J.: 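Just passing along the structure, written as structure tokens.
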Protein chains: 2
Amino acid sequence: MSILRRNTDYALRAMVNLAGHYGGDVVATRQLSAEEDISYQYAAKIMQLLHAAGLVKSTMGSHGGFSLARPPQEVSLLDIIKAVQGAVSLNDCFLDADACPRRSTCVISAKIAGLQEYIEKSLAGITLAEFATDSMSEHVNAPKEK
Amino acid sequence: MSILRRNTDYALRAMVNLAGHYGGDVVATRQLSAEEDISYQYAAKIMQLLHAAGLVKSTMGSHGGFSLARPPQEVSLLDIIKAVQGAVSLNDCFLDADACPRRSTCVISAKIAGLQEYIEKSLAGITLAEFATDSMSEHVNAPKEK
DNA sequence: CGAAGTAGGACTATATTACTCCTATACAGC
DNA sequence: GCTGTATAGGAGTAATATAGTCCTACTTCG
């Protein structure tokens, strides 16, 4: 199983694309969808998620589109992941304390809490700026070609 | 999303149970299922997975059952995860190189490969012996009670 | 032989993820 | 103010993955 979903990959590609236009024009969903090989309708949904998370600014109406809300070096991989697929957690009890009635006494939970923290910190440490430069459309979970 | 599945939790509980009987009698699936609150049929499936992975030894026939194939301190959480839910991977391209045509030049892949490795090492470093002692049936992803 | 066990294929049900459709709303340019 | 091109977002469908069941072997002890 893969932890990062296709969703996240699309979002990441879109964000990298926007990073390339940072400080310049807004980019329309239609353009993002064409350049990054995402269906227009689905791309629109993903942009909504990114917008709801405050990662992008939107300009409505004709000649509208999206732009990064913050400079690339201030947008982390974790931000993007959280925006499109929710928090990544090793197990449910980190997301929802009610998921496990023995949470408080659980030895396993204690054992892996450290790892959980490390993962989040790592993802938070990787920013858009780091892969925005030379690769405009690298991606993680591209749909497999047939 | 949770990385560890319910499947894995069941398996973990079963393994902890078996660890409690290490060196003694085999434990029948019927008993495991009752003690760890897993449906008998499903428990049987999970035991098959653990057996196929070589983590448990099976004794067929009447008075048969399962026992750990190795001492608890030599069975890691990663072993169990791999047996029941397959390898944990940050993204598809670590599992299947064909999943992404740009794998070789992908900056993102390079960035998170280190994290991927760290996660595996951490999980491999946690063994059954560490939580087998005082908690016979702790679990991670118990189905939520209503 | 029969009871109690594992082995395993095939199937069903449920949940999650991916994706589409349709309508509303905003804004620029004519 | 109309029209074309945008985003906003609810609602629904399709595909896939996970969880769980059913049934029929085969194995061994008593």
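Order of the sequence lines sets the chain letters (A, B, ...), proteins ahead of strands, with each chain counted from 1. Worth saying up front: this structure is predicted, and the values here are computed from it rather than measured.
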J.: Same hydrophobic cluster for A:Val16 and A:Leu49, using side-chain heavy-atom links shorter than 4.5 Å among ILVMFWY?
T.: yes

J.: Taking atom CD of B:Glu117 as the centre, does the number of heavy atoms from other residues, nucleotides or ligands within less than 6.0 Å exceed 12?
T.: no

J.: Select one nucleotide: of D:dC29, D:dT7, C:dT6, the one nearest the side-chain heavy atoms of B:Tyr40.
T.: C:dT6

J.: In whole angstroms, how far is the P atom of C:dG8 from the NZ atom of B:Lys45?
T.: 9 Å

J.: In this structure, which one of B:Leu128, B:Leu55, B:Asn17 forms a side chain to side chain contact (heavy atoms under 4.5 Å, CB included) with B:Leu68?
T.: B:Leu128

J.: For A:Tyr10 and A:Tyr42, take the angle between the two ring planes, folded into 0 to 90°, and tell me which bin it lands in: parallel under 30, tilted 30 to 60, perpendicular over 60.
T.: perpendicular

J.: Decide, yes or no, whether a salt bridge links A:Asp9 with A:Arg13 under the criterion of side-chain N to carboxylate O below 4.0 Å.
T.: yes

J.: Looking at B:Arg6, I'd like to know whether one of its side-chain N or O atoms comes within less than 4.0 Å of OP1 or OP2 on D:dG20.
T.: yes

J.: Taking only the side-chain heavy atoms of A:Arg5 (C-beta and beyond), determine which of C:dA18, C:dG5, D:dA8 contains the nearest atom.
T.: C:dA18

J.: Under 4.0 Å: is that the gap between some side-chain N or O of B:Tyr10 and OP1 or OP2 of D:dA19?
T.: no

J.: So, B:Gln85 side chain and B:Arg5 main chain: donor-acceptor pair closer than 3.5 Å or not?
T.: yes

J.: Take the protein atom CD1 of A:Ile3 and the nucleotide atom P of C:dT17, then report the distance between them rounded to whole Å.
T.: 13 Å

J.: Would one find a side-chain N or O of A:Asn7 under 4.0 angstrom from OP1 or OP2 of C:dA18?
T.: yes

J.: When you measure from the side-chain N and O atoms of A:His51 to the phosphate of D:dA8, is any distance below 4.0 Å, counting only OP1 and OP2?
T.: yes

J.: In whole angstroms, how far is the P atom of C:dC19 from the CD atom of A:Gln85?
T.: 14 Å

J.: Please state how far atom CG in A:Leu32 lies from atom C1' in D:dA6, giving the value in whole angstrom units.
T.: 13 Å

J.: Where each residue is assigned the nucleotide of DNA chain C containing its nearest heavy atom, which of A:Ser39 and A:Ser62 is assigned the position nearer the 5′ end?
T.: A:Ser39

J.: Quick one: A:Arg30 CZ to D:dT5 C1', roughly how many Å, whole number?
T.: 9 Å

J.: Are OP1 or OP2 of D:dT28 and a side-chain N or O of B:His63 less than 4.0 angstrom apart?
T.: no

J.: Contact class for B:Gly64 (heavy atom, under 4.0 Å): base, sugar-phosphate, or nothing?
T.: sugar-phosphate

J.: On DNA chain D, check which nucleotide each of B:Met60 and B:Tyr42 is closest to and give me the residue with the more 5' one.
T.: B:Tyr42

J.: Look at the side chain of B:Ser58 and decide which nucleotide, out of C:dA7, D:dT7, D:dT18, has an atom nearest to it.
T.: C:dA7

J.: Between C1' on C:dA7 and CG on B:Leu50, what's the gap in Å once rounded to a whole number?
T.: 14 Å

J.: Rounded to whole angstroms, how far apart are CG on B:Leu49 and C1' on C:dG9?
T.: 14 Å

J.: To the nearest Å, how far apart are A:Phe66 CZ and D:dT5 P?
T.: 18 Å

J.: Considering only side-chain heavy atoms of A:Gln48, which listed nucleotide, C:dG29, D:dA8, D:dT7, is closest?
T.: D:dA8

J.: For the side chain of B:Gln41 and the base of D:dG20, is some donor closer than 3.5 Å to an acceptor across the two?
T.: no

